[in-house]
Amino acid sequence: MDKLFDFELTARLLQLDFVLMALGAAAVLGLVAGALGPLIVMRRMSFAVHGTAELAFTGAAAALLLGIGVSYGALAGAVIAALLLGLLGGRESERDSVIGVILSFGLGLGVLLLWFYEGRSSNKFGILVGQIVAIEQQDLELLVGAAVVVLIVLAVIYRPLLFATVDPAVALARGVPVRWLSPLFAVLVGIATALGVQIVGALLVVALMVTPAAAAARVTASPWLATVLAVVFAETAALGGIVLSLAPGAPVSFFVTAISFTIYLVCRVIAYVRGRQGSLRDLSGSDSPRAAVRPS
């Protein structure tokens, strides 16, 4: 416990190049995750994010086996997963079953690929729970480039995508291309999911893609404000998780998920208090003499 609050050691570690690169990668990931998160929550795609992460894990395992960059493998696997989910899960009634099928296949294939890999076991573990020491300059460049593409495409399609998310039937009647917006958004989510593999790992990337947005949805109904809050929450979890993990040398993923969960609980409490205050105001208003007078 003393190591957790060793501020002197943390300050020294913050001067190391690999830590600075990890913080830069986490900042970019927090921005992308926060921007996509509210739409993921509104479109009920949390389970899809988990399924995409499993094929990102499979791609990363394949890249590890072939001796190429893990980031490239995770990106390829996540994009393939997103395309499969978008094409096979078009009907809402079939979506959960399709995600379950793809998730289980991807996880099983990834385990097999890791079994074939004869290198260090820490590399295998890092794919699952993140490994910030493995982030290199080329990984950061790939992450920044992919993030820029995701944010630009999201900015272009945001308004029709939001319309299609809120009321798909009316959006389709108004001529919004709902059918191709869904697979395109799934690809954006897949890319963002792949970006988080090396930081929080394939198993826990949902903590950044979904939890901050779910927390923001508890305190506001505005899509714009929810996006801003989700970005703030995701950045806090990603950057704070790395900083807290430095002194004890513990896995980053635990601190990221812990911060995200704490923020979510706080937002639930705020929503509960607001609800109670609103109920009390309604009750006091209905009991007042002025409220009792009804125009005939």
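Throughout, residue positions are numbered sequentially from 1 according to the sequence presented.
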The single option from Ile157, Leu161, Val32 passing side chain to side chain contact (heavy atoms under 4.5 Å, CB included) against Leu188
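Result for side chain to side chain contact (heavy atoms under 4.5 Å, CB included) with Leu188: Ile157.
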
Would you name the heavy atoms of [X] and [Y] that are closest together and state the gap between them?
{"X": "Ala78", "Y": "Ala194", "result": "CB-CB, 3.7 Å"}
{"X": "Leu181", "Y": "Ala164", "result": "CD1-CB, 4.4 Å"}
{"X": "Ala213", "Y": "Val41", "result": "CB-CG2, 3.7 Å"}
{"X": "Ser182", "Y": "Arg43", "result": "OG-NH2, 2.8 Å"}

Flag if over 12 foreign heavy atoms under 6.0 Å of CZ, Phe254:
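Not more than 12 within 6.0 Å, no.
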
Give a yes or no on whether Phe163 atom CZ has more than 12 heavy-atom contacts from other residues, nucleotides or ligands under 6.0 Å away.
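Yes, enclosed.
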
Steps toward side-chain contact (heavy atoms from CB on, under 4.5 Å) verdict (Leu246, Leu9)
CA-CA 8 Å; Leu246 292 177; Leu9 178 58; over 6 Å; no

Step-by-step ring-ring contact (aromatic ring centres under 6.0 Å, His included) determination, Trp224 to Tyr158
CA-CA 11 Å; Trp224 298 97; Tyr158 184 82; 5.1 Å; yes

4.5 Å side-chain heavy-atom contact, [X] and [Y]:
{"X": "Arg274", "Y": "Val219", "value": "yes"}
{"X": "Val243", "Y": "Leu23", "value": "yes"}
{"X": "Val150", "Y": "Val189", "value": "no"}
{"X": "Leu13", "Y": "Leu16", "value": "yes"}
{"X": "Leu162", "Y": "Pro223", "value": "yes"}
{"X": "Trp115", "Y": "Val111", "value": "no"}
{"X": "Gln137", "Y": "Asp17", "value": "no"}
{"X": "Leu55", "Y": "Val79", "value": "no"}

Between [X] and [Y], is there shared hydrophobic-cluster membership here, with clusters defined by ILVMFWY side-chain heavy atoms closer than 4.5 Å?
{"X": "Leu265", "Y": "Ile270", "result": "no"}
{"X": "Phe261", "Y": "Val256", "result": "no"}
{"X": "Val266", "Y": "Val273", "result": "no"}
{"X": "Val228", "Y": "Leu208", "result": "no"}
{"X": "Phe185", "Y": "Leu172", "result": "yes"}

Measure the [atom1]-[atom2] distance between [X] and [Y] for me, rounded to the nearest 0.5 Å.
{"X": "Ser104", "Y": "Leu109", "atom1": "OG", "atom2": "CG", "answer": "11.0 Å"}
{"X": "Met209", "Y": "Thr193", "atom1": "CE", "atom2": "OG1", "answer": "4.0 Å"}
{"X": "Tyr72", "Y": "Leu142", "atom1": "OH", "atom2": "CG", "answer": "5.0 Å"}

Please answer whether the main-chain N or O of [Y] pairs with a side-chain N or O of [X] as donor and acceptor at a distance below 3.5 Å.
{"X": "Arg218", "Y": "Tyr264", "result": "no"}
{"X": "Thr211", "Y": "Ser260", "result": "no"}
{"X": "Thr58", "Y": "Gly106", "result": "yes"}

Under the side-chain contact (heavy atoms from CB on, under 4.5 Å) criterion, do Leu154 and Leu39 qualify, and how do the steps go?
CA-CA 10 Å; Leu154 180 64; Leu39 288 168; 3.9 Å; yes

